[in-house]
2 protein chains.
Amino acid sequence: MSFPSNDHDHRSCVASALGAAEAECRRRGARLTDIRRRVLELIWTSHAPVGAYALLEQLGRGAAPPTIYRALDFLLAHGLIHRIETQNAYVGCSHPGQPHAGLFLLCRQCGAVAELAEAATTRAIEQEAAALGFQVDSLTVEAHGLCPGCRGGASP
Amino acid sequence: MSFPSNDHDHRSCVASALGAAEAECRRRGARLTDIRRRVLELIWTSHAPVGAYALLEQLGRGAAPPTIYRALDFLLAHGLIHRIETQNAYVGCSHPGQPHAGLFLLCRQCGAVAELAEAATTRAIEQEAAALGFQVDSLTVEAHGLCPGCRGGASP
DNA sequence: TCATCAATTGTTATATTATAACGTTACATC
DNA sequence: GATGTAACGTTATAATATAACAATTGATGA
Ligand SMILES: [Zn+2]
Ligand SMILES: [Zn+2]
Ligand SMILES: [Zn+2]
Ligand SMILES: [Zn+2]
């Protein structure tokens, strides 16, 4: 929902994301296989978006591109990750299960990302669109700038 | 500002865009060379985003990728076109000269795009971000859905 | 149990989008 | 015209993503 503090317990951060993913997959009758689980874990290694080929390297031992892209497709389809269009990269979803338009704040300095799920902005855009007769099905919002930590002068 | 009607005079549409580009380049002391002008004209051939390699083909006779990407970089830098991140494609700017965050409505059926320059949405996002201490430098908003023409049942 | 079918993964090749590097040409300015 | 810079040509390659098909796994019911 907001930017993670620099000293937060990231281990529990990852654990809770994986737990939520398991639950969501059970709920949906989807199989969170070993590969998919490992990819999701790798994505959650940091709070910054990760590229497909970076994940591929970390996956190790002769994994080929289709392996990673299939896992990403699965995770995207089930709302467990988002694709950051302006970076060709992927980030874990902070609100799995609850439908929402991803709205991202991307720090240009430290790379951190925060995902908002406020409906206000979404509604504002939908209304502006509706005024022109346009029906919005999906929405991509990516704001680039400086996160609180990187603005403060102190390095994040 | 809105979706072009299907029977609008597109010739004058292109002409006015090229005229505005010339004026803006004069104002900025930038050189709208022949290649850059032709690329801009090709982009304005339709109101749908065009990919770099599609432009390259239309440019003809042995033009290589750097040629097109340099022209695109120039046109982007001077605010004459926008990049549509969700489509790796480029579209002419409807409001050259006046600074604005591009906010795009993209029809998934006919491919048409409308560019909004309403400051309201931009401000809403900036305020939501500011509430978290995030300073927005640039903003990407791309809404996918159905344009008025494609909603109406009648094919556009 | 095991036959069967669908989902998942492996493997190889290739498509698509974009940039690096370096030489050459055109243009402005003196 | 000499000089410096911006623009362009050319070749190669990087980065991102998908096609196609074979092999494997896992559920499901005869
Ligand atoms: Zn999300
Ligand atoms: Zn930061
Ligand atoms: Zn614009
Ligand atoms: Zn349409």
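Naming: A, B, ... by sequence-line order, numbering from 1 per chain. All values derive from a computational prediction rather than experimental measurement.
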Quick one: side chain to side chain contact (heavy atoms under 4.5 Å, CB included) partners of B:E57, sequence neighbours excluded?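 Result, side chain to side chain contact (heavy atoms under 4.5 Å, CB included) vs B:E57: none returned.
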Within the structure provided, determine whether A:H78 and A:E24 are in side-chain contact (heavy-atom separation under 4.5 Å).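 They are not in contact (no side-chain heavy atoms under 4.5 Å apart), so the answer is no.
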Can you tell me how far [atom2] of [N] sits from [atom1] of [X], to the nearest Å?
X     : N      : atom1 : atom2 : value
B:L56 : C:dA15 : CG    : P     : 16 Å
A:I35 : C:dG10 : CD1   : C1'   : 9 Å
A:D34 : D:dG26 : CG    : P     : 11 Å
A:L76 : D:dT16 : CG    : P     : 16 Å
A:E57 : D:dA14 : CD    : P     : 14 Å

Any chance the side chains of A:E85 and A:T140 put a donor and an acceptor closer than 3.5 Å?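 No, no side-chain donor-acceptor contact under 3.5 Å.
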Could you list the cluster mates of A:L42? Members are the ILVMFWY residues connected by side-chain heavy atoms closer than 4.5 Å, either directly or through other members.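 Listed partners: A:V14, A:L18, A:L32, A:I35, A:V39, A:L40, A:I43, A:W44, A:V50, A:Y53, A:L55, A:L56, A:L59, A:I68, A:Y69, A:L72, A:F74, A:L75, A:L76, A:L80, A:I81, A:Y90.
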Is the B:H47-B:H8 ring centre distance short of 6.0 angstrom?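 So the answer is yes for these two rings.
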How would nucleotides 16-27 of chain C be written as a contact map, 5' to 3', with B for base contact, S for sugar-phosphate-only contact and - for no contact, using protein heavy atoms under 4.0 Å? -BBBBB-----S
Please tell me whether B:V136 and A:L146 are part of a single hydrophobic cluster in this structure, the criterion being side-chain heavy atoms less than 4.5 Å apart.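 Each belongs to a different hydrophobic cluster.
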